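Structure first, commentary second.
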Amino acid sequence: MMKHLFRMVRHKIRSLQDLIRLLQEEYAKRFICITKDNMLHLWKQLRPRKIRGNIRFGTGDPCSTGQILGLIAVFYGWIGSGVQINPDFDEPCFEGRLVMKGRIRMITIIVTAVKIMFHKDFKQLQREWERWKEEF
């Protein structure tokens, strides 16, 4: 029983090492960089331009409500002063109204997807990924 467990763990560790080796190949690094650049460009094109609203939330536990408020505060610079966030430390609730304005252009999404899918390194990475999945 223990021998089987150790073999299984060893196999999973080797498999994970193979995946890390796969992602460290030059073609994988190039593909990750191309994908990152395209996704950042897509985000810049599609992100909401104006955000307005009012949100009231609470968990019923002051500690966890404060922790959630701390996480929200990290994004407050991006959200801006147009959104009012009101924590309720006494009762569990989640309500509010949020309005976002922006633009979504399908051609931008299509062009980005085509750039990523037809990149030469994508096909090679896909073949290696399939081979890794079969071994896993």
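None of these values were measured; they are calculated from a predicted model.
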Note to self: If you compare all heavy atoms of Gly60 against all heavy atoms of Thr65, which two are closest, and at what distance to 0.1 Å?
What the structure shows: N-OG1, 4.2 Å
Checklist line | Inter-residue atom distance Cys33.SG - Asn38.CG, 0.5 Å rounding | finding: 11.5 Å
Check: Is the shortest heavy-atom distance from the side chain of Leu125 to the side chain of Ile32 under 4.5 Å?
Finding: no
Checklist line | Shortest non-hydrogen separation from Ile116 to Phe122 and the atoms involved | finding: O-CB, 3.5 Å
Next item on the list: Please report the closest heavy-atom contact between Pro48 and Trp43, naming both atoms and the distance.
Entry: CD-CH2, 4.0 Å
Check: Is Val99 reachable from Tyr76 through a run of I, L, V, M, F, W or Y residues, each pair having side-chain heavy atoms under 4.5 Å apart?
Finding: no
Next item on the list: Answer yes or no: is there a side-chain heavy-atom contact under 4.5 Å between Cys93 and Phe57?
Entry: no
Margin query: To check you understand the geometry: which heavy-atom pair defines the closest contact between Ile34 and His119, and what is its length?
Written below: CG1-NE2, 3.6 Å
Next item on the list: Consider only side-chain heavy atoms of I, L, V, M, F, W and Y, link residues closer than 4.5 Å, and tell whether Val111 and Leu42 are in one cluster.
Entry: no
Checklist line | Separation between CZ of Arg56 and CD of Glu91, rounded to the nearest 0.5 Å | finding: 5.0 Å
Note to self: Let me confirm one number: the CG-NZ distance from Asp121 to Lys29, rounded to the nearest 0.5 Å.
What the structure shows: 13.0 Å
Notebook entry, point to check: Is it the case that one hydrophobic cluster holds both Leu71 and Phe94, taking links as side-chain heavy atoms less than 4.5 Å apart, direct or via other members?
Noted result: no
Note to self: Can you tell me how far apart OG1 (Thr112) and CD1 (Ile107) are? Round to the nearest 0.5 Å.
What the structure shows: 9.5 Å
Next item on the list: Could you tell me whether Ile104 atom CD1 has more than 12 heavy atoms of other residues or ligands within 6.0 Å of it?
Entry: no
Item checked: Interatomic spacing from CZ in Arg47 to CZ in Arg103 - rounded to 0.5 Å -> 9.0 Å
Check: Should Leu98 and Ile51 count as side-chain neighbours, where that means a heavy-atom distance under 4.5 Å?
Finding: yes
Check: CZ of Arg97 to CD of Gln84: how many Å apart, nearest 0.5 Å?
Finding: 11.5 Å
Check: Is Lys101 close to Arg49 at the side-chain level, that is, under 4.5 Å between some pair of heavy atoms?
Finding: no
